[in-house]
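All remarks here apply to the structure that follows.
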Amino acid sequence: MKSLIQIQNKMLEWIKENIIFIFIDVILGIIIYSMMISGNLVNSVDGVWNTSQYWAKTWETSLGRGILYFVDKMRAGLVSMPLNTVLALFCISSGGTLVLDIFQVRSKWLGRLVCLLFIINPVTCITLSYCFTSVGYGVGFLCSVIAVCCIYSKYWIQGMFFGGCFIALSLGCYQAYLGVTCVLLLVLLIKMFIRLADVKEIAAFLIKSVVSLVRR
């Protein structure tokens, strides 16, 4: 219980420290994709989904994306290019900010530039073009990064448990984001080798990573 309270306090502290920078990234993202938002430029292939309300149902569940249904329910199934774009950008910016914390990027300005790379890239643009599900994909990306934070933390049982849970949530949104988790874990492992980390530390990290990935 005590460790859970500590995790909660750290989360609240992190939000207070980074919320302004996250909103700045979101505003810049809105400016960058303003033409896309104002023109309601969605993916033409999925034009059939361009409706005012949509809930993920049987088709998405059959693909293993059952969490999308709950993401849609949380926003009452509203499909609006401005609303969904802002929410998706918020999730992507939050995930990018977490990546900076994982790798301990000290420079705030350098960190902001790195976060912009998560927003200003073709993958994000394509994601936003799938308006009816862009929020769910943004949540999937954020969960994949949170999973790495849990695994990389000092907590053993809680780290593996919550790491596995967030990996499962990410997979429930979109399976491709498992690659984000794996790449971040691999880079962290390489970073440990570079700084000549203790063998016990490396072994603990590998065990937590493997267990979290397997128990998903």
Side-chain angles (χ1 to χ4, degrees), residues 10-11 13-38 41-43 65 67-68 71 74-75 80-153 162-163 166-191 209:
K10 286 185 178 180
M11 287 175 59
E13 183 181 350
W14 183 88
I15 291 172
K16 290 180 181 179
E17 290 179 355
N18 296 282
I19 192 66
I20 295 178
F21 292 105
I22 291 173
F23 274 116
I24 290 174
D25 286 342
V26 172
I27 292 172
L28 291 174
I30 292 172
I31 295 172
I32 292 165
Y33 296 108
S34 58
M35 185 177 296
M36 189 176 183
I37 296 171
S38 60
L41 301 177
V42 297
N43 193 301
R65 303 173 190 173
I67 302 300
L68 292 179
V71 175
M74 289 176 65
R75 65 174 199 285
S80 165
M81 191 66 178
L83 173 64
N84 287 17
T85 300
V86 170
L87 292 176
L89 288 174
F90 181 83
C91 292
I92 294 170
S93 177
S94 299
T97 304
L98 276 174
V99 171
L100 297 180
D101 286 351
I102 292 173
F103 291 99
Q104 300 179 340
V105 177
R106 301 300 182 187
S107 173
K108 290 292 184 181
W109 292 109
L110 177 61
R112 290 309 96 202
L113 292 175
V114 172
C115 277
L116 279 177
L117 293 178
F118 286 95
I119 295 176
I120 310 172
N121 67 75
V123 175
T124 299
C125 183
I126 293 171
T127 300
L128 297 178
S129 72
Y130 291 89
C131 180
F132 74 103
T133 190
S134 61
V135 179
Y137 289 171
V139 172
F141 170 74
L142 178 58
C143 287
S144 68
V145 179
I146 294 177
V148 177
C149 288
C150 295
I151 296 170
Y152 193 56
S153 67
F162 287 109
F166 279 107
I167 289 174
L169 290 173
S170 177
L171 290 172
C173 292
Y174 191 41
Q175 294 86 344
Y177 291 118
L178 178 63
V180 175
T181 301
C182 292
V183 168
L184 289 176
L185 291 175
L186 179 60
V187 175
L188 285 172
L189 181 61
I190 294 173
K191 182 181 177 182
S209 300

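Keep in mind the model is a prediction, meaning the values are calculated, not measured.
- Side-chain contact between Arg65 and Tyr137 is present, with heavy atoms from C-beta onward closer than 4.5 Å.
- A donor-acceptor contact shorter than 3.5 Å is absent between the side chain of Asn18 and the backbone of Ile15.
- Proximity of Cys115 to Leu100: side-chain heavy atoms (C-beta onward) are separated by under 4.5 Å at one or more points.
- Arg75 and Val135 get closest at one heavy-atom pair: NH1-CB, 3.9 Å.
- Between Cys125 and Met36, some side-chain heavy-atom pair lies under the 4.5 Å cut-off.
- At a threshold of 4.5 Å between non-hydrogen side-chain atoms, the residues Asp25 and Ile22 do not count as touching.
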Apply side-chain contact (heavy atoms from CB on, under 4.5 Å) to residues Ile120 and Thr124 and explain how you reach the verdict.
CA-CA 7 Å; Ile120 310 172; Thr124 299; over 6 Å; no
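- The distance from the CG atom of Asn121 to the CD1 atom of Ile126 is 9.0 Å, given to the nearest 0.5 Å.
- Residues Val145 and Ile102 meet the side-chain proximity criterion, which asks for heavy atoms closer than 4.5 Å.
- By the 4.5 Å heavy-atom criterion applied to side chains, Ile30 and Val86 are counted as neighbours.
- Environment of CZ in Phe23: sparse, with no more than 12 heavy atoms of neighbouring residues, nucleotides or ligands closer than 6.0 Å.
- When side chains are defined from C-beta on, Leu128 counts as touching Tyr33, because their heavy atoms get closer than 4.5 Å.
- Of all heavy-atom pairs between Asn84 and Cys131, the closest is ND2-O, 2.7 Å.
- No donor-acceptor distance shorter than 3.5 angstrom exists from the side chain of Ser134 to the backbone of Thr85, with no hydrogens or angles considered.
- Distance CD1/Ile92 to CG/Leu87: 11.0 Å, rounded to 0.5 Å.
- In this structure, Tyr177 and Tyr174 have perpendicular ring planes: the angle between them is above 60°, well past the 30° mark.
- In this structure, NZ on Lys191 lies 4.5 Å from CD on Gln104, to the nearest 0.5 angstrom.
- Between Trp14 and Thr97, the closest side-chain pair of non-hydrogen atoms falls below 4.5 Å.
- Sparse packing is recorded around CD1 of Ile20, with 12 or fewer heavy atoms of other residues, nucleotides or ligands lying under 6.0 Å away.
- Looking at every heavy atom in both residues, Ala147 comes nearest to Gly163 through CB-O, 3.6 Å.
- The minimum heavy-atom distance linking Cys150 with Ser153 is given by the pair O-OG, 2.6 Å.
- Atom OG in Ser93 sits 11.0 Å away from atom CZ in Phe21 (nearest 0.5 Å).
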Please tabulate, for side-chain N and O atoms in residues 180-190, each donor-acceptor pair with protein atoms closer than 3.5 Å (sequence neighbours left out).
unit_1: Thr181; atom_1: OG1; unit_2: Ser144; atom_2: O; d: 3.1

With side-chain contact (heavy atoms from CB on, under 4.5 Å) as the criterion, how do Val99 and Phe118 come out once you've worked through the C-alpha distance, each side chain's angles and the decisive distance to 0.1 Å?
CA-CA 10 Å; Val99 171; Phe118 286 95; 4.2 Å; yes
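- The two atoms that bring Leu169 and Cys143 nearest to each other are CB-SG, 4.0 Å, heavy atoms only.
- Here the closest heavy-atom approach between residue Gly136 and residue Leu68 is recorded as CA-CD2, 3.5 Å.
- Between the side chain of Ser94 and the main chain of Phe90, a donor-acceptor pair closer than 3.5 Å is present.
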